[in-house]
Amino acid sequence: MAEKNPDKKKTTPAKNVVQLVASLRQQINHHNHRYHTLDQPGVSDAEFDRLFRDLKALEQEHPDLVSDDSPTQRVGSVPLPAFSQVQHELPMLSLDNAFGEDDMWDFDRRIKTRLELPADIGYDCEPKIDGVAVSLLYENGSLIRGATRGDGATGEDITRNVRTIESIPLSLMGKGYPSRIEVRGEVYFPLSSFDRMNLAAEKAGQKVFANPRNASAGTLRQLDSRETARRPLTMFAYSVGIVEGGELPETQSGILAALASWGIRVNPLIETVVGVDGCIEYYRKLVALRSSLDYEIDGVVFKVDGIAEQRKLGMLTRTPRWAIAHKFPAEEGITVLEDVEFQVGRTGAVTPVARLKPVQVGGVTISNATLHNMDEVARLGLVIGDTVVIQRAGDVIPKVISVLRDKRPKQIRQIILPAQCPACGSEVLQSEGEVIARCTGGLRCSAQRKERIRHFASRLAFDIEGLGDKLVNQLVDEGLISSPADLFQLTLEQLVNLERMAPKSANNFLEALEKSKTTTLSRFIYALGIQEVGESTARNLAQFYHGIAPLQQADEDSLQEVPDVGPIVAKNIAHFFHQEINHQVIDSLLESGVCWVEQESSVVSGALVGETYVLTGTLTSLTRNDAKARLISLGAKVSGSVSVKTSYVVAGDAAGSKLTKAQELGVAILSEADLLRRLEVHGA
Ligand code: IVH
């Protein structure tokens, strides 16, 4: 039959094409659900790829048939300028914590009293996933919005990013779901993929994430959803928010089962128990299972199972009365100190590092721990051969926290600070009143050279992509470089001759070097690695001197006119510029084309513009530099001293005079956890 309107053929696909597309989508969704949600693959990867390719080809031929909920639409799209805000219709709550069995009994008693119920309560028990909370809004079965928790009342619209997560259905399966339902849950980064990603990033000299939770938060808050799509995030649902146009079961466990029947991923370890005894048994079971899981859990959540009872109990300001998180204690392990080695840092600091008999702590094998300095060794009364208690919290370097004296063997060795540097043999000196011992080799010491180059290439300095630890070691050990300035003399030929360096990586690295040459004066000063000249002092020096030459000539007195520069820092700077070699390095850098743009007046955009932070004390889960970089990336200023202009002081462990000053001046004080939350909320 002749076609009446030939154009029509292109836009209105034949009925069988429509059916074929629908059938392919149904099959792909079915297999996706089996693979990503149920963990029960139904077909081979090749077969799945074939279905996916067929669907893509049909959609390309018939663009009219592409719909938002097609499984092909999970790849992400062009970056957003910023996230818009989402007001949660019902607040996203937090949980009260129980730290032991006594707290659990108290919780149960409170509930029974309020409910006037003497009988044992039915509890729904769930693992507490250490990830990032999200809200997913489904209307008529279609995912229409994804949001972060934010401060509980207002979150951010991360719809594009959640749409890339394969285990989050774009449309609900089955029947009987309310016409409007908000699913809440925890998005996380599977541990196996996390380790793989970090290893690859480290090798490539790229940014590594401190822990899986940071990786999930960072990935969820990517403005470029194509990047989110590349990372294997997944989710477990644990509750619902707003529900309209339909009924849900009358128990928490029933609601979770209903969510699972609609294709939502729910944790398989969830159980219902009766009374506190059942809860405690569940807790012990999860403690034992913890290390075998492919996700981090930081405790167990108990929820009164009956929704009618939950309603009766109600909530406090931010936490429901009907739920509690029983947190796991900080993880500790016992092992033997087999040796102590001394590592040499950028400024020559010689630090003792414990080499331990490998031991599993919370599923991670620990074989090294930091001992900080010789004072710490003395405080612990530690000798080689001792049995020690080590503690690991999150992903921070494990610490030796105590010695089990009665386990001390006959054969022991004292821990002695070496008189000579283990890397270069120069004398190691510990000045009067100083805790830290230093190698006096300066740039003759290969360990110091390597650390200096690492520092020079780091994120807040020249930010040279691809220059990771391994490459620095290779370049120094092969004698290709001995100072940061030598980096810019490297040739393609030299690089491709290095082991494991393909021409493409060599070219990329040369390009990264070239790119890094345009910097700022403050980064340049910071990159020099002068002892105790951190990023904020470098900025003050840049603002004061407006050039490198006047700084090179400055004497100790004039240096002290710079904000934040006291006698010690002034002495360090003057000492640095007394050494001819440092002038040579600077000259060579400038000759090879290093230059700076006008000193940036500070970032003008970001959620924290106008706020000034002071970091003090020891942060445990991230380095100060990292905290600084993340604050600055959000537009905040980070200063070294507290004044009335300070917005917040972040007080880490053993915070001292700056904290006292903040208290005196009435400056708001944040804990490390507050800071992390703030950074996470704003996606840094
Ligand atoms: S229920 C009504 N269940 O823990 C209480 N939360 O400290 C709402 N979390 O913000 C939370 N696993 O991000 C609940 N099985 C679970 C959870 C869980 C992890 C997180 C969640 C929440 C935080 C509360």
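Note that ligands are numbered from 1 as they come in the structure, with each ligand's atoms numbered from 1 the same way. What you see is a predicted model, and the numbers here were worked out from it, not measured in a lab. Count residues from 1 along the sequence.
Close contacts of ligand 1 with Glu126, meaning ligand atoms under 4.0 Å from a residue heavy atom, involve 3 (N), 15 (N), 16 (C). For ligand 1, the atoms lying closer than 4.0 Å to a non-hydrogen atom of Trp322 are 2 (C). Contact atoms of ligand 1 toward Pro127: 12 (N), 15 (N) (distance under 4.0 Å to a heavy atom of the residue).
Of the protein's non-hydrogen atoms, Tyr238 CD2, 3.5 Å is the one closest to atom 17 (C) of ligand 1. For atom 20 (C) of ligand 1, the nearest non-hydrogen atom of the protein is Glu186 OE1, 3.4 Å. Looking only at protein heavy atoms, the nearest one to atom 8 (C) of ligand 1 is Leu93 O, 3.9 Å.
Between Phe236 and Tyr295, the gap from one ring centroid to the other is short of 6.0 Å.
Checked by distance only, ligand 1 and Ile129 come closer than 3.5 Å through their nitrogen or oxygen atoms. At least one N or O atom of Lys303, backbone or side chain, sits closer than 3.5 Å to an N or O atom of ligand 1.
Counting heavy atoms under 4.0 Å from ligand 1, residue Lys128 touches it through both backbone and side chain. With a 4.0 Å heavy-atom cut-off, ligand 1 is reached by the backbone of Leu95 and by its side chain too.
Here the side chain of Arg163 pairs no donor or acceptor atom with the backbone of Ile144 at under 3.5 angstrom.
Annotation: cation-pi pair Arg678/Tyr648 present, NZ/CZ under 6.0 Å from the ring centroid and within 45° of its normal.
Side-chain contact between Arg25 and Ser67 is present, with heavy atoms from C-beta onward closer than 4.5 Å.
Partner Leu137 forms a side-chain contact (heavy atoms from CB on, under 4.5 Å) with one of Thr159, Ile242, Leu143 and no other, that one being Ile242.
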| request: Kindly indicate, with the supporting measurements, whether the criterion salt bridge (Lys or Arg N to Asp or Glu O under 4.0 Å) is fulfilled by Lys285 and Glu281. | output: CA-CA 6 Å; Lys285 182 170 134 183; Glu281 202 178 310; over 6 Å; no
| said: Using side-chain contact (heavy atoms from CB on, under 4.5 Å), reason through Gln40 and Tyr35 one step at a time and then give a plain yes or no. | reply: CA-CA 5 Å; Gln40 293 166 353; Tyr35 186 92; over 6 Å; no
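A donor-acceptor pair shorter than 3.5 Å cannot be found between the side chains of Tyr238 and Asn267.
With atom 2 (C) of ligand 1 as the reference point, the heavy atom nearest to it among Pro320, Ala325, Pro91, Ala237 is part of Pro320.
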